[in-house]
There are 2 protein chains.
Amino acid sequence: MGRWEPDAAGRLREAAMALYAERGYDGTTVAEIADRAGVTARTFFRHFADKREVLFAGSEQLERHMVEALAAAPADATPMEAVTAAVLATAEFFDDIRRDYSRRRAAVITSTPELRERELIKMATLTTSLTDGLLERGVAPDVAALAAETGVAVFRVSFERWIAAPDDVPIADVLQATLKTLATLTA
Amino acid sequence: MGRWEPDAAGRLREAAMALYAERGYDGTTVAEIADRAGVTARTFFRHFADKREVLFAGSEQLERHMVEALAAAPADATPMEAVTAAVLATAEFFDDIRRDYSRRRAAVITSTPELRERELIKMATLTTSLTDGLLERGVAPDVAALAAETGVAVFRVSFERWIAAPDDVPIADVLQATLKTLATLTA
DNA sequence: ATCGGTGATGTCAGTCAATGACATCACTGG
DNA sequence: CCAGTGATGTCATTGACTGACATCACCGAT
């Protein structure tokens with residue numbers, strides 16, 4: 001396929017993460033990322049819309065997965081039950097291998113305003129998708145929006161906790177714990 | 001003060017809004033904005049951090065105002081009562097004159113991803129500030145975060161409604177109505 | 001009224017993100 | 001072995017943003 005080695009996008013992702021972690025986002029140029037990945041800057045922009053997007057490559061996949069889990073929930077499930085299924089489905093994306101990457105990624109994002117902006121809009125998009133999924137299940141608009149918002153909040157909080165947790169704690173446990181906390185809060 | 005006319009920042013704001021509305025955000029260059037305002041592009045960047053920020057100039061002011069209103073609430077007010085005071089205080093910023101500007105501004109923002117990102121981070125910052133304000137009132141962290149989030153949501157929804165509402169509806173009424181809806185929802 | 005300081009602006013040069021147009025190479029199927 | 005396809009390289013260009021330095025208006029002190 002490629003002119004040389006395969007998986008240029010993957011190499012670009014790794015190169016970007018390494019350089020962002022090492023020199024910071026602002027201190028890294030696209031040309032440097034491309035060099036390290038063995039391609040040109042032009043190729044970088046063929047794989048990623050901009051310099052930020054390289055850190056959010058998996059997000060569409062995750063979103064699709066959550067929406068599918070939402071749709072796959074039993075027809076008689078309550079809105080919150082369906083959302084819970086979608087949230088729990090994220091566990092399949094974050095195994096122990098991804099944890100180290102996730103940690104470094106989170107560190108870079110929180111320290112870079114431009115990247116925090118991008119993350120916020122990704123979360124907003126995710127919320128919209130889940131809301132739409134609930135609407136297709138016949139959920140009332142108000143309830144759908146609120147349930148989706150809550151689900152994304154649970155995912156966000158859980159993800160942060162998982163990153164900060166010891167290495168032997170799987171994300172599934174954290175998600176369950178967060179959902180339990182939510183239940184006690186609203187009880 | 002200025003080399004020529006005063007209030008260069010104000011002229012830049014108006015010029016930017018006019019051009020964004022006319023040619024779109026992407027179709028407008030900073031040089032064009034500066035030209036219309038009678039200054040150079042370099043001066044634009046002395047007043048605004050970047051091309052996006054020119055549309056969010058008043059936000060720090062609004063945020064400060066809300067935080068002050070929050071702090072000024074009676075010591076025995078509940079967290080939600082204090083947040084309500086902060087939300088209602090925004091009415092002083094959006095008179096009828098600002099309405100037309102707000103409408104055009106909203107139209108540009110919703111149609112430009114880059115600007116939506118910036119708006120999201122502004123709202124996130126506002127939420128953080130309100131949370132901090134509540135913490136200083138001795139509110140428990142969980143409650144503070146939730147109350148702040150709710151308050152910002154009310155403001156956001158109200159603002160959208162106000163823009164869509166007929167010209168004779170003041171924003172204060174919309175804010176009250178939204179708060180009332182919230183009360184019935186949580187009842 | 002003159003002088004010097006201060007702050008805002010202009011000028012200039014430069015870096016870097018991002019995009020369009022076109023050439024080129026690797027791989028595929030016939 | 002050849003033509004087609006897709007990914008990549010090359011080149012040129014635009015435009016956002018920054019640093020360094022000069023310049024001008026204004027203000028207070030002399």
Side-chain angles (χ1 to χ4, degrees), chain A residues 1-57 108-109 111-119 121-122, chain B residues 1-57 108-109 111-119 121-122:
Chain A
M1 300 190 181
R3 189 111 91 177
W4 280 359
E5 301 301 314
D7 194 23
R11 273 172 9 242
L12 283 165
R13 260 196 300 276
E14 285 180 28
M17 187 61 248
L19 289 172
Y20 290 169
E22 184 185 332
R23 315 178 190 178
Y25 176 82
D26 289 326
T28 305
T29 70
V30 171
E32 289 167 347
I33 298 170
D35 273 353
R36 182 187 266 243
V39 294
T40 40
R42 191 66 185 83
T43 294
F44 177 94
F45 290 107
R46 287 201 179 93
H47 287 279
F48 307 100
D50 56 46
K51 194 184 167 187
R52 279 139 259 144
E53 200 64 16
V54 67
L55 279 189
F56 299 88
V108 174
I109 291 176
S111 64
T112 311
E114 287 180 77
L115 295 174
R116 297 211 294 129
E117 286 187 343
R118 182 57 52 87
E119 182 162 57
I121 207 167
K122 291 294 181 187
Chain B
M1 301 187 179
R3 188 112 93 178
W4 279 358
E5 301 301 313
D7 194 23
R11 284 185 344 258
L12 283 166
R13 259 196 301 275
E14 285 180 28
M17 188 59 250
L19 289 172
Y20 289 169
E22 184 185 331
R23 314 178 189 178
Y25 175 81
D26 289 325
T28 305
T29 70
V30 171
E32 289 168 346
I33 298 171
D35 273 353
R36 181 187 265 243
V39 295
T40 40
R42 190 67 184 86
T43 294
F44 177 94
F45 290 108
R46 288 201 178 94
H47 286 279
F48 306 101
D50 57 47
K51 194 184 167 187
R52 280 136 261 147
E53 200 64 16
V54 66
L55 280 189
F56 299 89
V108 174
I109 290 176
S111 65
T112 311
E114 287 180 77
L115 295 174
R116 296 212 295 127
E117 284 187 344
R118 182 57 52 89
E119 183 162 57
I121 207 168
K122 291 294 179 186

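Keep in mind it's a predicted model, so treat the numbers as computed, not measured.
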Shortest non-hydrogen separation from B:Arg13 to B:Ala57 and the atoms involved: NH1-CB, 3.4 Å
Counting just side-chain N and O atoms, does B:Thr40 come under 4.0 Å of either OP1 or OP2 of C:dT9? no
A:Glu32 atom CD is separated from C:dT15 atom C1', nearest whole Å, by 12 Å
Look at A:His47 and D:dA7 and indicate whether a side-chain polar atom (N or O) is within less than 4.0 Å of OP1 or OP2. no
Looking only at heavy atoms, what is the nearest atom pair of B:Leu55 and B:Met17, with distance? CD2-SD, 3.8 Å
Suppose we screen for side chain to side chain contact (heavy atoms under 4.5 Å, CB included). Which residues come up paired with B:Glu32, at least two apart in sequence or across chains? B:Leu19, B:Arg23, B:Thr28, B:Thr29
Given C:dG10, is OP1 or OP2 found less than 4.0 Å from the side-chain N or O atoms of B:Thr43? yes
Going by number, which of residues 11-26 of chain B have a non-hydrogen atom under 4.0 Å from DNA chain C? none
Contact nearer the 5' end of DNA chain C, comparing A:Arg42 with A:Thr29: A:Thr29
In whole Å, what is the span from the NZ atom of A:Lys51 to the P atom of D:dC17? 13 Å
Walk me through whether A:Glu114 and A:Asp26 qualify under side chain to side chain contact (heavy atoms under 4.5 Å, CB included). CA-CA 10 Å; A:Glu114 287 180 77; A:Asp26 289 326; 3.7 Å; yes
Could you tell me how far apart B:Asp35 (CG) and C:dG10 (P) are, to the nearest whole angstrom? 10 Å
Touch check for B:Ala8, heavy atoms < 4.0 angstrom, all strands: base, sugar-phosphate only, or nothing? sugar-phosphate
Which atoms form the tightest heavy-atom contact between A:Phe45 and A:Lys51, and what is the distance? CE2-N, 4.4 Å
Please tell me which of the listed nucleotides, C:dG10, C:dA17, D:dG9, lies nearest to the side chain of A:Arg52? C:dA17
Taking only the side-chain nitrogens and oxygens of A:Arg46, find out if one of them lies under 4.0 Å from OP1 or OP2 of C:dG20. no
Please step through side chain to side chain contact (heavy atoms under 4.5 Å, CB included) for the pair A:Thr112 and A:Tyr20, ending with a clear verdict. CA-CA 10 Å; A:Thr112 311; A:Tyr20 290 169; over 6 Å; no
When B:Glu117 is tested against each of A:Arg52, A:Arg118, A:Arg116, A:Lys122 for side-chain hydrogen bond (donor to acceptor under 3.5 Å, both in side chains), which residue passes? A:Arg118
Whole-Å distance separating the CZ atom of B:Phe45 from the P atom of C:dG10: 14 Å
Have a look at A:Ala49 and say if it touches a base, only the backbone sugar-phosphate, or nothing, with a 4.0 Å heavy-atom cut-off. sugar-phosphate
To the nearest Å, give me how far apart CZ (A:Arg118) and C1' (C:dA17) are. 13 Å
